[in-house]
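Chain naming here is simple, since letters A, B, ... match the order of the sequence lines and numbering starts at 1 in each. The basis for the numbers below is simple: all heavy atoms, side chains too, and nothing from hydrogens, waters or symmetry mates.
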Amino acid sequence: MSLRVVFMGTPDYGVPSLEALIAAGYDVAGVFCQPDKPSGRGKKIAFCPVKQCAVAHGIPVFQPVKTRVDGVEPLRKLAPDLCVTAAFGHILSQEVLDIPRLGTVNVHASLLPAYRGSAPVNWALINGEMVTGVTTMMTDKGMDTGDILMQREVAVEPGENAGALVDRLARMGAELLIETLRAIENGDCPRRKQDEALASYYPLLKKEMSRMDFTKTAKQLCDFVRGMNPWPGAYAGAYKVLEARAEDWNGNEAPGAVLRADPKAGLWIRAGEGALNVLRMQAAGGKPMDARDYLRGHQIETGARIAPEETDAE
RNA sequence: CGCGGGGUAGAGCAGUUCGGUAGCUCGUCGGGCUCAUAACCCGGAGGUCGAGGGUUCAAGUCCCUCCCCCGCAA
């Protein structure tokens, strides 16, 4: 007799978990996701990835504006044994959490208690972490503060960006979720409180955070580029930097100065320490391309500052 | 009807206003030079200018239709 489960999630990150639940034979009674919003070019209404997946499997979809308000009744009617959340984006009230008799399990993309919050993968990369992972936990009223059930570590690949890593963690999280549910069913799932002393919280990324600060070291800038891609992106003036490498550089140029800019050498920018070798970039209105390709058709003056003065401040 | 940019040689771009022999940088191929190079010199190949139709003596360029790509915004 398999558990009756309600899944809650919205973006791509949640899809592998939802699919894993279905594939593992759980009775997925319903799927909650955020309301459809106009998005994309042309402002068309698009289903979020989780909804697309649910629809494809013929699972009823619920899109409350605020789950703790208009989601309560629908959830009660579904009478789930257990709820699963994965990047749902809504804060659940105690009333909601009390509905499933076995509680609510969250699949979080970090090694809790580190990197609580909505953008754990991005921040782990920005901070230059070499190891991260996924955690299954009991959702409580706090922000990723519930008891830890299972964890799995993973080494960050050199040069891996947030998009790729989220992808990888989403699949790992899906596997770990199934393991966790099996254990819960068997009544032998481990469970431990989070150590508050080790906890860290990081906020949602915002577009305003996307500006590159060239007074930082080349290594820090590389990590920033990785962590901010594919969204919101790392911006150096008018250019979005998609991929970069840290290089040694000795000289007294000001941070942000263009050191080299031609099709053969590529684009090098002075950092607070070392130089940033921009490998892939994107100009406003343009498509992503190798920096060298860009320089074949566009000129950037050596010695110029890549970013306007005022963006160096702060 | 949310706003906007674009499709020209393998790559990245200019040329379109005001129709008149298809250009630039890089790559590539061949030759030369140098102790050496992200070096330099000489020469060559490579393009149905996104598709279709129209106007014209003549269309990459003007008119109409369509396809595709991308940025902002989310």
When rounded to the nearest Å, what value does the distance between [atom1] atoms of [N] and [M] take?
N	M	atom1	result
rC68(B)	rA51(B)	P	15 Å
rA22(B)	rA58(B)	C1'	16 Å
rU55(B)	rC13(B)	P	35 Å
rG7(B)	rG12(B)	C1'	13 Å
rG47(B)	rU8(B)	C1'	8 Å

Query raised in the report: So, R226(A) and E129(A), do they make that salt bridge, N to O below 4.0 Å?
Result: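 Salt bridge absent between R226(A) and E129(A).
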
Query raised in the report: Is the closest basic N to carboxylate O distance between R171(A) and D167(A) below 4.0 Å?
Result: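 Judged by the 4.0 Å cut-off on N to carboxylate O distance, R171(A) and D167(A) do form a salt bridge.
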
Query raised in the report: Taking for each residue the nucleotide of RNA chain B bearing the nearest heavy atom, is the 5' side occupied by A265(A) or by P288(A)?
Result: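 That would be A265(A).
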
**Report entry** Given RNA chain B, 5'-ward residue of the pair Q282(A) and P263(A), judged by closest heavy atom
**Finding:**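 It is P263(A), whose closest nucleotide lies nearer the 5' terminus.
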
[N] pairs with, by Watson-Crick or G-U criteria that keep both distances under 3.5 Å:
N	result
rC66(B)	rG50(B)
rG19(B)	none
rU25(B)	rA11(B)
rC3(B)	rG71(B)

**Report entry** Heavy-atom donor-acceptor pair, S110(A) side chain to A114(A) backbone, under 3.5 Å
**Finding:**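 Yes: the side chain of S110(A) pairs with the backbone of A114(A).
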
Query - Any donor-acceptor pair under 3.5 Å from R292(A) side chain to K264(A) backbone - result: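 Judged by distance alone, yes, a pair lies under 3.5 Å.
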
Query raised in the report: With no hydrogens and no angle check, do the side chains of S2(A) and D27(A) hold a donor and an acceptor under 3.5 Å apart?
Result: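 Side-chain D/A pair, S2(A) to D27(A): absent.
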
**Report entry** Residues which pass ring-ring contact (aromatic ring centres under 6.0 Å, His included) with F32(A), listed by chain and number, not counting sequence neighbours
**Finding:**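 Per chain and number, F32(A) pairs via ring-ring contact (aromatic ring centres under 6.0 Å, His included) with F62(A).
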
Report task. Give R292(A) one of three labels, base, sugar-phosphate or nothing, depending on what nucleic acid heavy atoms sit under 4.0 Å from its own. Result ->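 Answer is nothing: R292(A) stays at 4.0 Å or more from every strand.
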
Query - Contact boundaries on RNA chain B for chain A, cut-off under 4.0 Å to non-hydrogen atoms - result: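 Listing 5' to 3', RNA chain B meets chain A from rG2(B) to rA74(B).
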
